[in-house]
Number of protein chains: 2
Amino acid sequence: MAKATLVSLAESLGVSRQTISNVINAPHRVKPETRLRVEHAIAESGYRPSAAARQLRTRRSMNLGIRLMPVVDGINGSILDRFLHALTEAAQEDSYRLTLFSAATDDDEVRQYEELLNVSDLDGFVLTGTHHGDQRTAWLLENEIPFASFGRPWSDTEDPFSSLHPWVDVDGGAGTQQATGLLLDQGHTAIGFIGWPAGSGAGDDRRDGWRRALQAAGVFADQLDVAVNDGVPAGARAAESLIAAGATAVVCASDSLALGALSAFRSQHRAPATPNVIGFDDTPVAAAVGLSSIAQPIEEAARDIIRVLTHTLSGDADAGRPDKHLLLPPTLAQRVPHPLAGNGWLG
Amino acid sequence: MAKATLVSLAESLGVSRQTISNVINAPHRVKPETRLRVEHAIAESGYRPSAAARQLRTRRSMNLGIRLMPVVDGINGSILDRFLHALTEAAQEDSYRLTLFSAATDDDEVRQYEELLNVSDLDGFVLTGTHHGDQRTAWLLENEIPFASFGRPWSDTEDPFSSLHPWVDVDGGAGTQQATGLLLDQGHTAIGFIGWPAGSGAGDDRRDGWRRALQAAGVFADQLDVAVNDGVPAGARAAESLIAAGATAVVCASDSLALGALSAFRSQHRAPATPNVIGFDDTPVAAAVGLSSIAQPIEEAARDIIRVLTHTLSGDADAGRPDKHLLLPPTLAQRVPHPLAGNGWLG
DNA sequence: ATCACTAAGTTGAACGATCAAATAACGTTT
DNA sequence: AAACGTTATTTGATCGTTCAACTTAGTGAT
């Protein structure tokens, strides 16, 4: 038998196409009796509405685009995994779906926007990893494509809370500040920071948190600040230099770096009774070796991003509108390193 | 100005809509001169074809669905990341896009198929992690939905190479067999295997490879076979019991297990000069600690899956058809453990 | 009996592309 | 110059919905 459509179903039932459409999209408009009759016929015939026809008419695809970031490091990458998951589920709950695309660079990402909008109807985009002078947000704003970003718009001059596009971010600085505060409470004064080279927004923010905590405590430790590219070996080397400079504890911008640092402390037999290395992102590996780490509420962030984006898309009035800009607080996952853990992840 | 369509563009250019359509879809049919004129006008007007209208007419969405598996373990999860990436890129090259969805169980996955087919037009699905008695493949076949799976159809009675649906898989058994062979060559005879409880298809296949290698060498080692659920701690405990039983080397069904095993060997100071623990999947963490591991050609697998699936969808004749069933050989990434590595990942 | 209102259902007209068939333009051959 | 075969372009119909406007019937107030 031929594939069922609204018309074919309507004919066989003796009602109009619109009635069937109403059963699907606005059941309250149909008399319960006929509704049941139609619903039964739908199930019977295996009728499936054509999404294309609906999209053509309603001008909405219920599809959101998201870029799959290049795999950099299996350790930190796992948080992206969680994010993608939460995002998919949140979108699903609001009847949206996620369309993947991959791009090597930001420029490439913009090219992909163009391409995707040409061949696919996307209602909006989710951005991750915003940074200074981000070309992508500029392009999207200019072309009036709806989007929301995980990451605030980093700018030296403008207040992120007055930005034109919705965003959700985690207050990394508050996290490192809290972590540093904890180490201070435990009696450490020579607390180092291992982070990334300046300019990355999120990285600078994390460094600032560490600095703020020390300043508040009246401790001067600017010389205990190291900037390296991410990775376990780099973290170990950085920690070695910090130990040589007298550091007794470190806060790190990532778990990869922290894992290296932990290893450095252990191999120098400088491990105190209480945890003295704190990582960032609370990855599974951190949990496995008992590394304390700053945990981002990533699932919550994903839900908020979807909420704020779908709200923009639904075009509702501002009444009852969720906040367009959200800065979520991280939490500190405190752990006691396993007695054997951390010794020699990679020298 | 209003949004440009084929008709509005055609009018302003003094040509017919079909000519513009041809410029986009079959440029060779249009006189170079007019083609340039049209192309210029397209760029000028910022015209974007409506994907929905095209889909409605052509009855193809160029969209493939893929389920995002639950995050289980940051270590083994990273291979899924690579797979998803490669799949996205391969799809992109063939002008297909990937639509994500998540499902907690297989039953749930089938429900999602239903739902997705109702609200979204998907041309097909990519399945991962096939297993014995897989409900999903059965449902998809019954409803005549095109799909391809990463993972052969596991069955005790039927030959996977005569299965009705296309699949691509990696010959895990060949990998563990080769790995075991290498350990035999190095003089080990008491070689253990740490794998998962029977029934998982891929897991059983890996165990079989180990067994085949030992049988071929005339070694009997059935008592050195341990089945545990995946994880670093479980691997460590399993290795301890194997060491107690006299094992001098182990092959593992995953890097998580291998990491635990490496740790167990080190903490018992039983580390020989040559690597005696071999993992599976060649994850970034394995690379970081210098763990030898069986590497799946995951990018190649992804490309092959897309190729075979898109071919099915294009409906071309069997001539020039790629193989519907592909079993790819893994490779062994041999590494020398870092002197400090592996000591106490988690006892 | 009239009017206003709501509820239930119908109908014509889009939405914006592609397919298939028809026509126009053009150089070649007879 | 007529007939022919390509190539270039146009036209009519169609894909399957939803929107907006319309009919019809039923309810209750005036």
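In what follows, chains are A, B, ... by sequence order, proteins preceding strands, each numbered from 1.
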Regarding [N], can its base be found pairing with the side chain of [X] as donor and acceptor, where the two atoms are less than 3.5 Å apart?
X: R29(A); N: dA7(C); value: no
X: R54(B); N: dT18(C); value: no
X: R57(A); N: dT17(D); value: no
X: R17(A); N: dG12(C); value: yes
X: Q18(B); N: dC19(C); value: yes

Base, sugar-phosphate or nothing for [X]? Non-hydrogen atoms, less than 4.0 Å.
X: V7(B); answer: nothing
X: T5(A); answer: sugar-phosphate
X: R48(A); answer: sugar-phosphate

Would you say S120(B)'s side chain and L122(B)'s backbone share a donor-acceptor pair under 3.5 angstrom? no
Tell me whether the OP1 or OP2 atom of [N] has a side-chain N or O from [X] closer than 4.0 Å.
X: N22(B); N: dA8(D); answer: no
X: S21(B); N: dT18(C); answer: yes
X: T34(A); N: dG9(C); answer: yes

Give a yes or no on whether a salt bridge exists between [X] and [Y], defined as a side-chain N under 4.0 angstrom from a carboxylate O.
X: R48(B); Y: E114(A); answer: yes
X: R35(B); Y: E39(B); answer: yes
X: R67(B); Y: D106(B); answer: yes

Rounding to an integer number of Å, can you tell me how far [X] [atom1] sits from [N] [atom2]?
X: E11(A); N: dT10(C); atom1: CD; atom2: P; value: 13 Å
X: H28(A); N: dT6(C); atom1: NE2; atom2: C1'; value: 13 Å
X: N25(B); N: dG16(C); atom1: CG; atom2: P; value: 17 Å
X: M62(B); N: dA17(C); atom1: CE; atom2: P; value: 17 Å
X: L6(B); N: dT9(D); atom1: CG; atom2: P; value: 16 Å
X: R59(B); N: dA17(C); atom1: CZ; atom2: P; value: 18 Å
X: I20(B); N: dT11(D); atom1: CD1; atom2: P; value: 13 Å
X: K3(B); N: dG16(C); atom1: NZ; atom2: C1'; value: 9 Å

Counting heavy atoms from C-beta on, name the nucleotide in [options] closest to the side chain of [X].
X: Y47(B); options: dT11(D), dA17(C), dT18(D); value: dA17(C)
X: T58(B); options: dT10(D), dC19(C), dT10(C); value: dC19(C)
X: S50(A); options: dC15(C), dG16(D), dT10(C); value: dG16(D)

Quick check, are the ring centers of F161(B) and W167(B) under 6.0 angstrom apart? yes
Should the heavy atoms of other residues, nucleotides or ligands under 6.0 Å from NE2 of H132(B) be counted, would the total exceed 12? yes
Tell me which of T19(B) and L56(B) sits closer to the 5' end of DNA chain D, going by the nucleotide each one is nearest to.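 Its nucleotide being nearer the 5' end, the pick is T19(B).
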